Amino acid sequence: MSYKPSEIEAKWQKIWEEEQAFEPSDSTTQKKKYILSMFPFPSGRLHMGHVRNYAIGDALARYYRKQDFNVLHPIGWDAFGMPAENAAIKHGRHPKEWTYSNIDYMRKELNTLGLSFSKTREFATCDEVYTKHEQKFIIEMYEKGLLYRESTTVNWCETCHTVLANEQVEEGCCWRCDNPVELKEMPGYYLDIISYADELLDDLTQLEGKWPSQVITMQRNWIGKSQGLEFKFELTKESKAKLDGKFDGYEVFTTRPDTIYGVTYSALAPEHPITKYLVEKGLLDAEVAEKIKAIANMTEVERAQQDKEGYPLGISVIHPLTGEEIPVWTANFVLASYGGGAVMAVPAHDERDFEFATKYKLPIKRVIEGGDELPYTGSGTLIDSDRFSCVENEEAKIAIINYMEEEGKGKGTTNYKLRNWGVSRQRYWGAPIPFVHCDDCGLVPEKTENLPVALPEDVEITGEGNPLENHPTWKHCKCPKCGKDALRETDTLDTFVQSSWYQFRYATNPKKWDEVGIDKEEANYWLGVDQYIGGIEHAILHLLYARFFTKVLRDLGYHDIDEPFTRLLTQGMVLMDGAKMSKSKGNTVDPDALVEKYGADTARLFILFAAPPQKELEWNDSAVDGAFRFIKKLYDRKSKVTGSALPNIDHSSLSKESKLARQKVYEALQKSKDVYESTFAFNTLIAACMEALNALDKQDNGDVWTEGMYVMLNLLEPIIPHVTTELSEELFNRANLKAVLEVKEEVFVQESILYVVMIGGKKRTEIEVSPSASQEEILAAAKEAGEKWLNGMQIVKEIVVPNKLVNLAVKPVN
RNA sequence: GCGGAUGUGGUGGAAUUGGUAGACACGCCAGACUUAGGAUCUGGUGCCUAACGGUGUGGAGGUUCGAGUCCUCUCAUCCGCACCA
């Protein structure tokens with residue numbers, strides 16, 4: 001019987017389904033593993049990246065199941081989001097219908113790959129029962145002060161018609177459609193992720209060695225913590241008067257308080273309230289006002305590409321320590337979103353300030369010794385700094401902060417690059433933000449018993465404006481507090497909110513899904529996820545948000561977990577001709593076609609064999625053939641098996657070839673633990689199995705074949721589950737798939753040992769010696785064998801590395 | 001500019017952590033067999049050389065009996081962040 005993947009695979013997929021083979025047990029005491037591959041967006045079809053992601057996760061899940069762990073290996077659908085609305089606009093399909101029919105199709109595709117997912121725990125994030133609990137969390141966050149609404153400058157994508165979070169802006173463009181992001185002032189809801197910045201930063205140390213260092217570093221940089229001094233610049237009397245008494249000064253932040261005596265000007269962002277006031281009240285030269293407005297209309301990225309540009313505002317502030325008058329400018333390099341949108345400028349010791357001062361001929365005052373020329377940003381001793389002169393600058397930083405605090409003029413403080421997470425989206429296909437606007441009561445959360453606030457289905461999706469806003473009735477409601485007519489919030493939540501807590505949802509028994517969002521006991525048992533697998537593109541977005549949500553939900557009492565993902569594996573991309581597979585480039589391989597042609601096992605084997613999971617994988621059609629060939633060969637060799645259980649073998653009576661075959665088999669077994677539990681280098685385990693099969697092929701002992709297949713089918717089952725289970729059923733009644741196998745040390749005992757003989761550091765020849773040979777005997781044998789290269793040489797040093805080699809260091813005889 | 005990685009045959013990639021570089025596979029070459037198949041099997045295959053031998057892990061140094069692996073410098077490529085005061 002030749003290998004027929006389609007029959008074997010269909011057969012076992014059906015049996016697994018009937019046996020409910022992959023459901024976790026309800027026990028919360030058994031040893032457990034939670035293996036999670038990032039859930040897919042139901043775009044319509046699987047791509048190779050998905051196959052890779054799930055092949056890796058499935059191998060681990062199956063491995064641990066065999067080691068007697070209670071394994072949670074779930075799958076679901078990240079189902080809200082723009083593409084569903086785009087499909088609605090393009091093809092006139094309702095986003096809900098589009099999404100659920102895509103899910104049905106993709107579920108079938110996943111099935112044909114033989115992935116060992118729990119079927120009962122599957123859900124889509126657009127299920128109303130999921131929205132219900134999410135809205136409850138959101139309301140609780142609001143009540144705790146972690147969610148707030150404010151009007152501010154936001155990133156706006158005109159093509160997607162929505163606001164974007166800072167994390168969703170890549171090089172000034174929308175992460176999804178790549179259009180340049182515009183700035184716009186509008187109200188929105190924000191989650192106070194900054195209040196968790198310190199914990200998010202500190203807990204990264206727990207992840208070291210378990211997450212890729214690159215991801216940890218990216219998160220650390222993204223949070224961007226810096227410590228320094230915050231103080232207030234008082235406006236001069238005249239300046240206050242000019243500003244109609246509306247302002248008396250402004251706060252600035254610096255990480256270099258040691259350079260405070262070098263301040264020669266101060267600069268405000270074009271969006272700073274004082275700048276705005278001056279512009280709006282016509283207190284500036286009309287031409288200058290126009291230029292400032294022009295800068296304010298530019299995005300941060302555009303500004304970064306411009307030369308330094310700025311204008312004097314005709315006002316001054318007082319230096320808090322020297323009492324000197326300092327001119328105030330507005331400048332395009334001052335960011336509104338950081339440090340209060342205002343800086344103290346020290347041109348002598350800051351490159352940007354220097355460039356600006358040089359351009360506008362502002363004074364430059366050196367206050368730190370060192371370097372040949374200015375600007376000098378290194379360390380050194382302070383000069384011209386009053387009582388702090390002669391102090392080393394690192395000391396001076398602390399001393400100046402202390403002094404300012406004592407004098408009540410400022411305080412030591414911490415700043416973050418991280419911005420609060422804007423979660424409002426002006427789109428239809430998302431979870432509605434469960435609030436109501438009441439003329440009398442203001443912003444009021446919906447009553448818990450009324451959740452979920454579900455989406456209306458009768459909407460017209462045109463791409464123009466928010467369909468919820470345009471819906472005739474949906475937004476009209478009663479105030480949950482006073483009962484008067486009120487307006488429902490029409491913004492929906494960022495889809496990253498859903499993916500921030502789904503890992504807890506799977507851990508909750510589906511029987512409780514309606515009643516609770518997260519079951520505390522089960523969450524504490526299953527989380528953290530023992531192995532999380534996904535693409536590196538989520539290094540800051542999803543992985544930061546999910547860490548944040550975990551901590552917030554912990555503090556709301558839903559569980560006691562600090563970090564959601566204990567270990568993280570970031571898989572490499574799947575490439576074709578050196579480029580990422582994509583429909584637009586036309587360099588894709590369709591998983592369905594591959595499975596149809598070769599079967600799921602071949603697809604999985606190739607994907608795990610072609611490269612280590614962390615690396616990029618270059619597609620190669622003929623290497624797929626190679627993977628297929630290996631499985632065929634494995635299948636064919638079932639005829640060599642003579643027994644139905646693990647035989648007892650008298651190792652010493654075997655032929656040399658049989659001994660070697662056993663050795664290769666057990667080498668593979670030895671390797672497997674390391675591969676499945678730590679390195680994930682499936683390619684090397686597969687190679688070891690290929691070596692073992694090649695070695696078995698060179699001998700003909702039935703017992704050795706039986707043992708070899710018994711072990712190899714066990715090792716390969718997580719990778720190529722259908723064919724191995726089929727063979728295992730036929731040959732061993734599946735006993736070898738349940739067993740935890742032990743290495744038989746006797747196969748590694750050698751009758752003679754091969755030593756490499758190196759002379760002068762170069763490999764010259766080999767010798768075979770008995771394992772009991774003494775060092776002297778080995779050296780004597782090596783010298784004899786290497787005689788030819790020792791002629792005219794004097795041995796200056798002799799090294800014997802046990803079981804490996806002999807190295808004779810030589811020099812010519814004089 | 002800052003941060004993180006990665007450089008090994010024609011290709012994908014191994015190398016027990018300082019001990020025979022190139023396992024395993026693809027490709028290629030030669031041969032066998034055939035019930036012409038997605039065949040299969042056998043042998044070969046880093047480079048230079050007729051051979052002895054030499055040489056070889058991006059490059060240059062260094063440590064060592066011995067370096068792909070450790071150290072210093074350097075080049076190249078990729079990724080992330082980017083006026084963060």
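Note that the structure is a prediction, hence the values are computed from the model and not measured. What you see below is based on every heavy atom in this structure, not just the backbone, and it leaves out hydrogens, waters and symmetry mates. Below, chain A is the first sequence line, B the second, and so on; all start at residue 1.
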Is the closest side-chain heavy-atom distance between A:I799 and A:K797 below 4.5 Å? yes
If you compare all heavy atoms of A:N587 against all heavy atoms of A:M581, which two are closest, and at what distance to 0.1 Å? O-CG, 3.2 Å
Pick one for B:G61: is it syn, with its angle within 90° of 0, or anti? anti
Going by atom type alone, with no hydrogens or angles, which donor-acceptor pairs under 3.5 Å involve a side-chain atom of residues 329-336 of chain A and a protein atom two or more places apart or on another chain?
{"unit_1": "A:T330", "atom_1": "OG1", "unit_2": "A:L268", "atom_2": "O", "d": "2.9"}
{"unit_1": "A:N332", "atom_1": "OD1", "unit_2": "A:E309", "atom_2": "N", "d": "2.9"}
{"unit_1": "A:N332", "atom_1": "ND2", "unit_2": "A:D307", "atom_2": "O", "d": "2.8"}

Once each nucleotide of nucleotides 16-29 of chain B is scored for protein heavy atoms under 4.0 Å, what B/S/- sequence comes out, 5' to 3'? B--BB--BBSSS--
Answer yes or no: are there more than 12 heavy-atom neighbours, outside A:E351 itself, under 6.0 Å from its atom CD? no
Under a 3.5 Å cut-off for both contacts, is B:C52 paired Watson-Crick or G-U wobble with anything, and if yes, with which nucleotide? none
Are any of the side-chain nitrogens in A:E691 or A:K664 under 4.0 Å away from the carboxylate oxygens of its partner? yes
Between B:U63 and B:U69, how far apart are the two C1' atoms, rounded to whole Å? 14 Å
Sub-6.0 Å ring centroid separation between A:F231 and A:F233: yes
Comparing nearest nucleotides in RNA chain B, the 5'-proximal residue of the pair A:K698, A:K632 is A:K632
Between B:C73 and B:C84, how far is it from one C1' atom to the other, in whole Å? 33 Å
Under the salt bridge (Lys or Arg N to Asp or Glu O under 4.0 Å) rule, what do A:R303 and A:E300 come out as? Steps first, then yes or no, please. CA-CA 5 Å; A:R303 287 184 221 183; A:E300 284 187 6; over 6 Å; no
Partner of B:C81 under the Watson-Crick or G-U wobble criteria, both distances under 3.5 Å, comes out as B:G1
Which is true for A:F630 with a 4.0 Å heavy-atom rule: it touches a base, it touches only sugar-phosphate, or it touches nothing? nothing
Which whole number of Å gives the distance between the C1' atom of B:G59 and that of B:G44? 33 Å
For atom C1', what is the distance between B:C71 and B:G18, given to the nearest Å? 13 Å
So which protein N/O to nucleotides 49-54 of chain B N/O distances come out below 3.5 Å?
{"unit_1": "B:G54", "atom_1": "OP1", "unit_2": "A:R764", "atom_2": "NH2", "d": "3.4"}
{"unit_1": "B:G54", "atom_1": "OP2", "unit_2": "A:R764", "atom_2": "NH1", "d": "3.3"}

Before accepting this row, confirm whether a basic side-chain N of the pair A:D697/A:K640 lies closer than 4.0 Å to the acidic partner's carboxylate O. no
Of the residues in residues 669-681 of chain A, which ones touch RNA chain B at a heavy-atom distance under 4.0 Å? none
Across all strands shown, which nucleotide pairs with B:C28 by Watson-Crick or G-U wobble geometry, both distances under 3.5 Å? B:G44
Looking across every strand, which nucleic acid part, if any, lies under 4.0 Å from A:P612 by heavy atom: base, sugar-phosphate, or nothing? sugar-phosphate
Suppose you measure atom C1' in B:U16 against the same atom in B:G68; what distance do you get, rounded to whole Å? 15 Å
Candidates B:G4, B:C41, B:G13 - which lies nearest the side chain of A:K615: B:G13
Using the P atom as the reference point in each nucleotide, state the distance between B:C33 and B:A23 in Å, no decimals. 29 Å
Do the ring planes of A:F628 and A:Y3 sit parallel (below 30°), tilted (30 to 60°) or perpendicular (above 60°)? tilted
Centroid-centroid distance, A:H542 to A:F496, less than 6.0 Å: no
Look at A:E537 together with A:K580 and state whether they make a salt bridge at an N to O cut-off of under 4.0 Å. no
Using the P atom in both, what is the distance from B:C26 to B:G13, to the nearest Å? 16 Å
Under the rule syn = chi within 90° of 0, otherwise anti, which is B:U17? syn
In plain terms, say whether A:E657 and A:K698 are close enough for a salt bridge, that is, a side-chain N and a carboxylate O under 4.0 Å apart. no
Let's test this: given Watson-Crick or G-U wobble pairing with both distances under 3.5 Å, identify the partner of B:A15. none
Please state the P separation for the pair B:A30 and B:A15 - nearest whole angstrom. 33 Å
Under 6.0 Å between ring centres: does that hold for A:Y265 and A:F356? yes
For residues 592-616 of chain A, which residue pairs pass the salt bridge (charged side-chain N to carboxylate O under 4.0 Å, His left out) check, not counting sequence neighbours? A:R45-A:D592, A:D58-A:R604
Would you check if the distance from the ring center of A:F682 to the ring center of A:Y676 is below 6.0 Å? yes
Determine, for nucleotides 76-85 of chain B in 5'-to-3' order, which nucleotides have protein heavy atoms under 4.0 Å from the base (write B), from only the sugar-phosphate (write S), or from neither (write -). ---SSS-BBB
